[in-house]
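A, B, ... follow the sequence lines: proteins, then strands. Residue 1 opens every chain.
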Amino acid sequence: MLTKRIIPCLDIKDGRTVKGTNFINLRDAGDPVELGAIYARQGADELVFLDITATVDERKTLIDLVRNVAHAVNIPFTVGGGISSKADVSALLNAGADKVSINSSAVRNPDLINELALEFGSQCVVVAIDTRYVDGEHIVHTHGGRKPTELRTLAWAKEVENRGAGEILLTSMDTDGTKAGFALELTAQVSGAANIPVIASGGAGSMDHFVDVFTTGKADAGLAASIFHFKEIDIPALKGYLQTKGIEMRMTL
Amino acid sequence: MKTVIIKYNAGNVQSVMYALDRLGASYLLTDDEAEIRSADKVIFPGVGEASTAMAYLREKGLDKLIPTLKQPVLGTCVGMQLMCRHSEENDTNCMGIFDIDVRRFPSQPGFKVPHTGWNSIHSLSGPLTEGLPEQAYVYFVHSYGADVCAETTAVCEYVRPFSAMLQKDNFYAAQFHAEISGNVGQRILENFLKL
């Protein structure tokens with residue numbers, strides 16, 4: 001059976017992980033390659049690297065990082081942050097990324113989704129949607145959730161699918177950082193409307209939150225950052241727990 | 001040992017190259033007939049759309065070359081589909097090494113298409129899955145699949161049972177991406193290189 005996926009997200013700045021981690025066995029706490037490799041060994045199903053200050057100068061650092069990650073891990077990984085052209089995507093894929101995630105640039109120029117899908121295939125095009133509940137409606141936001149757009153979240157999700165996105169990374173800015181659980185109702189709506197996988201993000205604080213997002217929330221994958229980095233939740237324990245709740249998980253060799 | 005990865009417009013082959021690097025295997029990415037013929041092992045990757053990929057193979061004469069190869073050949077993903085008889089993707093006639101057709105997964109409630117993520121494989125046979133348990137998990141991304149047939153060496157279930165792996169003589173194929181399928185995928189590649 002197709003499993004649900006557990007995805008740790010690493011925020012990157014100048015080629016280093018930010019937000020800090022709690023891995024005492026890490027030689028270099030800021031090394032995303034080493035952290036990614038540890039997660040892969042622990043049974044993470046995929047990794048997401050988000051370059052949070054992707055300026056032109058930093059692209060080269062990011063490319064080097066992607067190359068090193070690709071050498072070190074044997075599971076799929078996605079790279080996002082500051083991607084706005086076919087050339088950006090080509091450079092990341094050539095360095096070994098399996099997928100790229102686009103966000104603000106897709107809102108600014110929706111045709112980019114079509115162009116990327118045509119050029120590189122839908123399988124590597126993840127559209128990240130940051131959403132916030134405003135005046136009774138779910139509205140797409142950009143710039144790390146600070147800037148509202150005109151787009152309704154559900155309609156945008158369907159549009160990105162129609163334009164050729166292969167997956168949706170849905171982050172609720174209302175639940176992000178709260179550790180109070182994922183935005184279940186919205187996630188279920190988006191997952192029900194889209195015929196492509198939905199990765200739920202924002203709000204994970206306990207193992208039961210993952211149970212909820214895979215059952216009530218109908219998500220295909222659950223993404224989290226700090227709870228993994230600070231070892232509040234251990235990936236093997238989480239997958240074991242979800243398995244006992246009847247949720248199909250990949251058990252590793 | 002000389003391992004060749006067949007070069008054509010098959011999208012991203014970087015991850016295959018990195019996987020071979022991790023195994024300490026050297027390789028050559030080429031579309032040169034003499035190089036391909038003289039290789040000990042040939043990997044035929046594939047990402048993208050079937051008719052475009054087939055057109056490119058024909059243009060380079062690779063569609064005639066590949067079926068005549070005598071050394072172990074491993075086709076992956078779209079590479080595997082191109083080794084079948086025919087693909088429903090843009091009604092494409094393929095190389096016909098495997099005696100089976102490739103059909104699209106119908107969209108059904110509870111089954112998103114493309115089939116994306118980790119799924120288990122069973123009814124394993126043949127040398128590539130040696131040392132792997134039944135229900136081992138591998139990573140898939142595809143909308144089309146070959147039916148189960150006499151040449152099937154691993155079965156996966158999604159909407160319907162389909163061929164996760166095929167083998168006929170020296171031709172091996174995997175629908176999933178062994179290169180990013182964790183330790184299971186690594187073992188499959190190792191087994192192939194050991195043939």
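- Of the two parts of B:His115, only the side chain, counted from C-beta on, holds a non-hydrogen atom closer than 4.5 Å to a non-hydrogen atom of chain A.
- Remark: the B:Asn183 side chain and the A:Thr252 side chain contain no N/O donor-acceptor pair separated by less than 3.5 Å.
- No other option in B:Glu157, B:Gln186, B:Arg22 has as many heavy-atom pairs under 4.5 Å with chain A as B:Arg22.
- Only the backbone of A:Ala194 comes within contact range of chain B, with heavy atoms under 4.5 Å apart.
- At a 4.5 Å heavy-atom cutoff, the contact between A:Val198 and chain B is made by backbone and side-chain atoms alike.
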* For side-chain contact (heavy atoms from CB on, under 4.5 Å), just list the numbers for A:Asn74 and B:Ser181, CA-CA rounded to whole Å, side-chain angles, deciding distance to a tenth of an Å, and then say yes or no. => CA-CA 6 Å; A:Asn74 58 13; B:Ser181 287; over 6 Å; no
* Derivation and outcome, side-chain contact (heavy atoms from CB on, under 4.5 Å), residues B:Ile180 and A:Asp98 -> CA-CA 9 Å; B:Ile180 48 173; A:Asp98 297 295; 3.7 Å; yes
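- Side-chain atoms of B:Gln14 and A:Asn94 include no donor-acceptor pair closer than 3.5 Å.
- Both the backbone and the side chain of A:Arg67 come within less than 4.5 Å of a heavy atom of chain B.
- At a threshold of 4.5 Å between non-hydrogen side-chain atoms, the residues B:Lys112 and A:Ile196 do not count as touching.
- The number of heavy-atom neighbours closer than 6.0 Å to CD of A:Gln243, taken from other residues, nucleotides and ligands shown, is above 12.
- Interface check for chain B: of the options A:Leu2, A:Ile75, A:Thr3, A:Val73, the most heavy-atom pairs under 4.5 Å are formed by A:Leu2.
- For B:Phe140, no part lies under 4.5 angstrom from a heavy atom of chain A.
- Both the backbone and the side chain of B:Thr116 come within contact range of chain A, judged by heavy atoms closer than 4.5 Å.
- Inter-residue side-chain proximity for A:Met1 and B:Tyr158 is flagged as unmet; no heavy-atom pair is nearer than 4.5 Å.
- Here the CZ atom belonging to A:Arg250 is positioned 12.5 Å from the OG atom belonging to B:Ser120, to the nearest 0.5 angstrom.
- Most heavy-atom pairs under 4.5 Å with chain A: of the set B:Asp21, B:Asn119, B:Val113, this distinction falls to B:Asn119.
- Contacts between A:Ala70 and chain B at a heavy-atom distance below 4.5 Å involve backbone atoms as well as side-chain atoms.
- Note that CE of B:Met17 and NE2 of A:His71 are 9.0 Å apart. Values are rounded to the nearest 0.5 Å.
- More than 12 heavy atoms of other shown residues, nucleotides or ligands fall within 6.0 angstrom of atom NZ in B:Lys2.
- For A:Glu248, the part sitting under 4.5 Å from any heavy atom of chain B is the side chain, from C-beta outward, and nothing else.
- Taking each heavy atom of A:Pro76 and B:Trp118 in turn, the nearest pair found is CD-CZ2, 3.8 Å.
- Nearest heavy atoms, A:Arg5 versus B:Tyr139: NH1-OH, 4.3 Å.
- Looking at B:Tyr18, its side chain never comes within 3.5 Å of a backbone N or O of A:Asn68 through a donor-acceptor pair.
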